[in-house]
Amino acid sequence: MIRFDSFSKRFGRTCAVESLTLSVGAGEVVALLGPNGSGKTTSLKAAVGLIHPTSGTVAIGDPPRPALEPAARAVVSFLPQKVLFPDSLSGREVVEFYRRLRGVPAERTDAALRFASLNGASERAVGTYSGGMVQRLGLAVVTLPDASVLLLDEPTASLDPDGLCAFYELVEERRAKGKSVLFTSHQLGDVDRLADRFAVLVEGRLVAVMSQGALAERLAERGVMRLRLSGRPSTLLDRLKPLAPDARWAGDELVVPGPASLRPAVLDRVRSEGVEVRGLTAEEGRLDLLYRELVGEER
Amino acid sequence: MTTGSALALCARQELVLAVRSRWTQLFAAVFGVLALTVATSGYILSGGHGVQDFARTAASLVQLVLLLVPVTALLIGVLALAPDRGADELLYSQPVARRTILMGKVLGLLAALVGAEAFGFGAAGVVIFSQSGNEGLGGFLLLQVCAFVLTAVFLALAALIAAGSTGRRTRALALALVTWFVAVVLFDIGILGVASLLRSGPASRLLIVGTLANPVDAVRTAALLGIQGTTAFGPASLSLLRFSHGPMGAGVLLAGSLLLWLVGPLVWAARRLSRADL
């Protein structure tokens, strides 16, 4: 598990993270979202002991140990935001070095290289790799130990669709094994696809933590149904008010905000007014808009 | 994984990287060419012909070693040891103490640079031996040892500079050049300048302190003492010799000074790195 307890970090006068309290349990995948410079990377680096907290604590594992202790890192696999490897080493040499450093059995090297799927480039110098290949190699290093905590900083930033699928499989597999995963991403598709919960940081402060259930609810609330009707009875809005208090006319269209579960009742009420429904479009709430709303509220 | 195995693994990795680095290869080539040039040209310049013997070559090479070795160890050391975002974040996130990784890297670099110097000395040595025999070989070998010690000391200083320069590699490189300039050029000028303003007693004590306080001067004194005895000594070295009651005492003081210059910066670098945000 990962536990931030009132974790704060200042760099000089700049407060990168302010009193972050968040925990990621076993078998849980949590996405850390936020605009650039909101403290996501700082938080992840603190969890792997690369950054010293100004105040508060960051603990890893079960039983929890301070992240700054090398022993705590034995249960962690970390992928930095912009992973780089020495140009003169081959992919295999890189993986082999980290395998030996982690004390992992020799057969894991081939398994990790298969995961990286470097298309036969594992014996080539890393200096000849594309950005996506380097990212895959970084993920391969992450897969070497069967770590109970995965900390991934923008892991999908340079991945192609194949790499993305491999990454999704990796996270699903680790979740199924009861591992804790904390990742940052600007790709809301990753969040929607993988995260059990997501946390939003804005200017170093945690502004929202939401489970997938709560997220689905919030998104449903942001759904909109638009109806083109055969007529525009003056009493219709009043009749709809108990069901959809925010229903309104927008030109010829009746706009009914609210969750999908509300829509059959609204349609029944419209028809009961003797109006024919000639066209209907429904739009579900969008994660990107919700995210912007959450971030915007705090700025 | 034990600390010893992690240290050995990091050292081996750094050695591989350094051996493949163009900087190290260039250093080996330049050092070899310069050593050969000194071996063949010094004699010609003094009116002779052919190749100098080991003793003369060693004496001529002292200045080259004192100029080239510190700057190379500082620059290559800082480039390799300054923690770099992306490259070192992954390494330092492994369950190995930062000081173990740092010491492993320093050992690997030391092995690579010592190898490059051995290549240069070896190339010159083969030519000298084939042309002039083995007279003065001891002094030549002592100079090699001095070069290796100087490399270790300046790598330790590079580690100290690098450990305090996370993500600021350019600044670290600039600081390395300033360190080299102060140690190799400015320090002696300053000490001699101040000593010339003092009376004999205080001036002599200042010169002794100066010799022991600067690793370049300490190595110069030790190398000259080993190669030529006291004949090539300047005022600072002679003051030290008088103070230490002879070559043996001077050797002990010089070795102690160099040991401090080696261990002190390494311990300080490890402490700085362990407190740094990477």
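Hydrogens, waters and symmetry mates play no part in the numbers below; they use all other heavy atoms, side chains included. Labels below follow one simple rule: chain letters A, B, ... track the order of the sequence lines, proteins then strands, and each chain is numbered from 1.
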> Work out which heavy atom in V96(B) is nearest to a heavy atom in A6(B); give both atom names and the distance.
CG1-CB, 3.8 Å

> Tell me which donor-acceptor pairs under 3.5 Å the side chains of residues 140-157 of chain B have, and how far apart each pair is, sequence neighbours excluded?
residue	atom	partner	partner atom	Å
T151(B)	OG1	E117(B)	OE1	3.1
T151(B)	OG1	E117(B)	OE2	2.6
T151(B)	OG1	A147(B)	O	2.6

> Under a 4.5 Å cutoff for heavy-atom pairs, which residue among P145(A), A72(A), P70(A) has the most contacts with chain B?
P70(A)

> Please state whether the side chain, the backbone, both or neither of A71(A) comes within less than 4.5 Å of a heavy atom of chain B.
neither

> So, does W261(B) use its side chain to make a donor-acceptor pair with the main chain of A213(B) at under 3.5 Å?
yes

> Tell me the closest heavy-atom pair linking V134(A) and V83(A), and the distance in Å.
CG1-O, 3.4 Å

> If I measure from the heavy atoms of chain B, does V141(A) come under 4.5 Å with its side chain, its backbone, both, or neither?
side chain

> Less than 4.5 Å to any heavy atom of chain B: does that hold for the side chain of F85(A), its backbone, both, or neither?
side chain

> For I51(A) and L278(B), which heavy atoms make the closest approach, and how far apart are they?
CG1-O, 4.0 Å

> I'd like to check the side chain to side chain contact (heavy atoms under 4.5 Å, CB included) partners of A67(A); sequence neighbours left out, ordered by chain and number.
V58(A), I60(A)

> Enumerate, atom names and distances included, each donor-acceptor pair closer than 3.5 Å involving a side-chain atom of residues 106-113 of chain B, sequence neighbours excluded.
none

> Under the side chain to side chain contact (heavy atoms under 4.5 Å, CB included) test against V48(A), which residue among L79(A), V76(A), I2(A) passes?
V76(A)

> With 3.5 Å as the limit, can you list every donor-acceptor pair between chain B and chain A, backbone and side chains included?
residue	atom	partner	partner atom	Å
R20(B)	NH1	S88(A)	O	2.8
R20(B)	NH1	E93(A)	OE1	3.0
R20(B)	NH2	E93(A)	OE2	2.7
G86(B)	O	L84(A)	N	3.3
E89(B)	OE2	K45(A)	NZ	2.9
Q94(B)	O	R73(A)	NE	3.0
Q94(B)	OE1	R102(A)	NH1	3.0
V96(B)	O	R73(A)	NH2	3.1
R98(B)	NH2	G49(A)	O	2.9
R98(B)	NH2	L50(A)	O	3.2
S274(B)	O	H52(A)	NE2	3.0
D277(B)	OD1	H52(A)	N	2.7
D277(B)	OD1	H52(A)	ND1	3.2
D277(B)	OD2	K9(A)	NZ	2.6
L278(B)	N	L50(A)	O	2.8
L278(B)	O	K45(A)	NZ	3.0

